[in-house]
Structure formats: structure tokens, C-alpha cells
Amino acid sequence: MSLKEILEMNLKYLLVGGKGGVGKTSIASALAITLAEHGRRVLLISTDPAHSISDSFDMDFSKGEITKVKGVAGDLFALEINPAAAGDEISQAIGQPMQADQFSQFASIPGLGELQQGLGQDLQSIPPPGMDEALSFAKILEYAEDDNYDTIVLDTAPTGHTLRLLNLPEFLDSFLGRILKMKTFLSNAMKMMKSLFGGDQEKDRTIETLELMKEKVLIARDKLMDETQTQFVKVLIPTLMSVFETERLVEELNQHLIPHRFSVINMVNPENTNCSYCMHRYNEHKKNIEYIKSVFPLDQTTIVEAFDREIRGLDMLKELNTKLILE
Ligand SMILES: Nc1ncnc2c1ncn2[C@@H]1O[C@H](COP(=O)(O)OP(=O)(O)O)[C@@H](O)[C@H]1O
Ligand SMILES: [Mg+2]
């Protein structure tokens, strides 16, 4: 069995995730190449600050711009998003943190007390923690929803970050909801003051920007939950630690209704009867593969043996593809 089925699906989002170092970036890169070679217009995105797709392709995608990947017979584009830079961008869109004392100038306006109470902690730290990831996610959706690409292949950061990323639509939605409420309230208050004392009624673009982003998140969420449009590929290595971590990941995927029915067991030791160390590993891996299959019985599982070299550059990625797709 292989991942060949993915080529026949009309996926908008192909997410690749698992524990650190198991081969996510290599597999995401390889699958992105295959999809592009099968006629899809593909954008491969990494939000790992370690800039891993550049290493995998041995090319430079670190400029924060969408770059066409040379040497692929098809339309493959790559982008490394720096979560910190994305965070700066949102801070700019939202504006300077609102200080509690800025509210005092509106103290006499009815309803402000309740609003301030409702916002609670959010006023203390805007942007709140987690905003960097929220912003990189929002940025991904911006590219995904502009219809320039058939498929977005997402090389996710190690598990912990991935899980937070999956929380982001809700987080962003509720966060934006509160910010919008506050901004709308204050801009209405400003308008009222200005009409009393004269002055320009300048338009607040922030609200429009944030509303637009919220809309995109909501549209994308529907697609992320639709198994005909989204699949999360679990990448494992044949160790118990990797299985336990993937089980936790699956719990989160289920909670967020993200479809996942493919797994890849990577770096499996090949059989070599001339080497007792290799045979020991081989037998242990064989046992663990059976265990993994019993833990995820509904999954279509692809086994990829450990290469005798690091997977780096287009030729190696294409070689990895023959294992992922053909075998
Ligand atoms: N099947 C494999 N055989 C040999 N090396 C592999 C294999 N899969 C991945 N690698 C290598 O393992 C390292 C980690 O892979 P990477 O794709 O960066 O993992 P992750 O993104 O999960 O951290 C890289 O050096 C990569 O070339
Ligand atoms: Mg990686």
C-alpha cells in the first residue's frame, strides 16, 4: 500500500506532522514534488523557524517570499514563514497595545465598564501569547484561500507546535471577536466625540483587516474538516516513543475534526542477515510496525526504509517519492 491515493484526491490541504526528526520535512517536500509533477499547482509551506525545507531541497527559500522550485516538472512553489515576523505584522495591523488608562478618557460613556470587564485579561497583553503562531496560520490561509494554488502542503513544526496551530482557528476567532468588539466600541465612541467637538471622521482600516482575516479562518476551517479536501499524514518511526506521541497527536486531530487516515513509518531498518546488529533492529522494527498498525487499524500505512544517506536535494527527494508512492 502506498500514498498513491493522495494523487487521485482533490486535496486543498495536505498536512504532514509527527515527532521531531522523524522525516516530516523530507516527506512533505517529496509529496509536494509528486503532486506538482502530477499537474497540480502546489505551494509547500513550512512554519518551522529552523528553515527546514531549504535544507531538504538544498535551495534557499528563507527570504520569506514564495519561490518557484527549479528542477521540478510542474508548478511547485515553496515558502518558509517566520512565525516571529508574522507576529510583527499582526501587531502592526492591530496597532499599539491598548493601555488600561487609555480607557479613562471614555469613562463616562455608558457600557464601557462592562466591555472593559468582559475583555478582562486581554487588555493586559495585546497581542496575547500564541499570537505568532496564530499569525503564521492566518498567513497560510491567506495564500491558501487566494485560489492561486490547488494544494497547500504544510510541513508542520514538531508536535507541540502543531497542536497549538490546530487550536488557532478557534483562538484567532475568539481573540479577533473580542478585539473587534473593543475596536468597534472605541471607534464609535471616537466618532461620537468627534461629532460633538468637530473634526475628521477617519476610517479605521484595522477592523476591516481583522474581519477579513476572521472570514478566511472560518472558510478554511470548513475545508480543514472535510476529508475530501484535507488529509493529515502522520509520520512515525518504528519506536514506541513515536507511537505514544502520535497517539496524543491523533487525540488532538480528532478533537479538531481534522481528517487523518494515512501514516508513514519512516526510517525502518532493512533486513540484513549478515549483520546481527541490523537484524536485531530489523526484528524490533518489524514488531513495532505491527504494533503501530494495531494502534491505527483504519490507517493506510506506508513503510519507508532507512536510506544509507541523508535525504537532501531534488534527486534524493524523488527517490524518496518512489518509496512513498510506488512501493
Ligand atoms: N528514510 C530516511 N532514511 C534516511 N534518512 C532520512 C530518512 N528520512 C529522513 N531522513 C533524514 O533524517 C533527518 C531528519 O529528517 P527531516 O525530514 O528533517 O525530519 P523532521 O522534519 O521530522 O524533523 C534529515 O537529515 C533527513 O535527511
Ligand atoms: Mg522538519
Side-chain angles (χ1 to χ4, degrees), residues 1-3 14-35 43-62 69 76 78-83 133 136-137 140 152-166 232-239 241-246 248-250 253 260 262-272 275 277-278 281-282 284-286 288-289 292 301-327:
M1 286 238 250
S2 75
L3 281 163
L14 180 63
L15 314 178
V16 181
K19 195 169 133 54
V22 295
K24 295 180 297 294
T25 302
S26 310
I27 289 166
S29 305
L31 291 175
I33 292 172
T34 299
L35 286 165
L43 177 62
L44 169 66
I45 303 183
S46 158
T47 56
D48 194 339
H51 283 179
S52 45
I53 45 181
S54 290
D55 294 337
S56 191
F57 279 88
D58 198 12
M59 296 176 189
D60 185 11
F61 306 123
S62 64
V69 182
L76 175 60
L79 172 70
E80 286 176 342
I81 292 178
N82 182 345
E133 279 97 354
S136 6
F137 194 74
I140 290 166
I152 305 290
V153 178
L154 188 58
D155 168 26
T156 66
T159 315
H161 295 278
T162 310
L163 303 185
R164 259 194 284 162
L165 195 79
L166 295 175
F232 187 106
V233 177
K234 308 169 199 95
V235 182
L236 300 100
I237 52 173
T239 66
M241 295 242 295
S242 166
V243 187
F244 299 149
E245 193 150 341
T246 309
R248 286 192 285 274
L249 173 64
V250 164
L253 292 171
H260 56 89
F262 296 93
S263 30
V264 177
I265 310 179
N266 191 24
M267 302 191 195
V268 174
N269 247 62
E271 187 172 16
N272 178 357
C275 152
Y277 166 83
C278 311
R281 298 290 286 170
Y282 170 78
E284 189 183 54
H285 285 181
K286 222 165 109 178
N288 288 340
I289 288 171
I292 293 170
T301 308
T302 305
I303 312 286
V304 178
E305 285 190 349
F307 283 51
D308 57 5
R309 292 147 291 157
E310 210 178 1
I311 297 174
R312 206 167 142 81
L314 268 183
D315 289 343
M316 288 290 289
L317 289 171
K318 287 179 184 174
E319 202 177 319
L320 173 59
N321 260 332
T322 61
K323 311 273 177 201
L324 288 168
I325 302 295
L326 299 177
E327 287 183 358

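Heads up: numbering here begins at 1 and tracks the sequence. For ligands, and for the atoms within them, numbers begin at 1 and follow the listed sequence.
- Remark: minimum distance from atom 18 (O) of ligand 1 to any protein heavy atom is reached at T25 CB, 4.0 Å.
- Residues S263 and L236 meet the side-chain proximity criterion, which asks for heavy atoms closer than 4.5 Å.
- Taking both residues in full, the closest heavy atoms of I53 and L79 are given as CD1-O, 3.7 Å, listed atom of the first, atom of the second, then distance.
- At most 12 non-hydrogen atoms from other residues, nucleotides or ligands lie less than 6.0 angstrom from NZ of K286.
- The CG atom of N266 sits 10.5 Å away from the NZ atom of K24 when rounded to the nearest 0.5 Å.
- Proximity to K24 (heavy-atom distance under 4.0 Å) selects the following atoms of ligand 1: 17 (O), 19 (O), 20 (P), 21 (O), 22 (O), 23 (O).
- Here N266 has side-chain heavy atoms under 4.0 Å from ligand 1, and that is the only part of it that gets that close.
- Between E80 and the options S54, S46, S62, a side-chain hydrogen bond (donor to acceptor under 3.5 Å, both in side chains) holds for only S54.
- The option with the heavy atom closest to atom 16 (P) of ligand 1, from among G23, G313, A28, is G23.
- With rounding to the nearest 0.5 Å, the separation of OG1 in T156 from CG in L15 is 7.5 Å.
- Residues T25 and D55 form no side-chain contact, since every pair of their non-hydrogen atoms from C-beta on lies 4.5 Å or further apart.
- Here the CD1 atom belonging to I27 is positioned 7.5 Å from the CD1 atom belonging to I311, to the nearest 0.5 angstrom.
- Using a 4.0 Å heavy-atom cutoff, K323 is absent from the residues neighbouring ligand 1.
- The Mg ion (ligand 2) has no N, O or S atom of S26 under 2.8 Å away, backbone or side chain.
- With ligand atoms numbered from 1 in the order given, ligand 1 contributes 4 (C), 5 (N) to contacts under 4.0 Å with heavy atoms of R309.
- When atom types are taken as modelled, the side chain of T246 and the backbone of S242 share a donor-acceptor pair closer than 3.5 angstrom.
- For the ligand labelled ligand 1, residue M267 lies inside the 4.0 Å heavy-atom shell.
- No donor-acceptor pair under 3.5 Å is formed between the side chain of D58 and the backbone N or O of G313.
- The nearest protein atom to atom 17 (O) of ligand 1, hydrogens excluded, is given as S26 OG, 2.6 Å; this is a heavy-atom distance.
- Some N or O of V22 is nearer than 3.5 Å to an N or O of ligand 1, by distance alone.
- The shortest contact between atom 4 (C) of ligand 1 and any protein heavy atom is with F307 N, 3.4 Å.
- Using a 4.0 Å cut-off to heavy atoms of E310, the atoms of ligand 1 that qualify are 25 (O), 27 (O).
- Within the structure, the closest approach of G21 to ligand 1 falls below 4.0 Å when heavy atoms are considered.
- Of all protein heavy atoms, the one closest to atom 2 (C) of ligand 1 is I311 CD1, 3.6 Å.
- Residue-level proximity to ligand 1 for E305 is carried by the backbone, the only part with a heavy atom below 4.0 angstrom.
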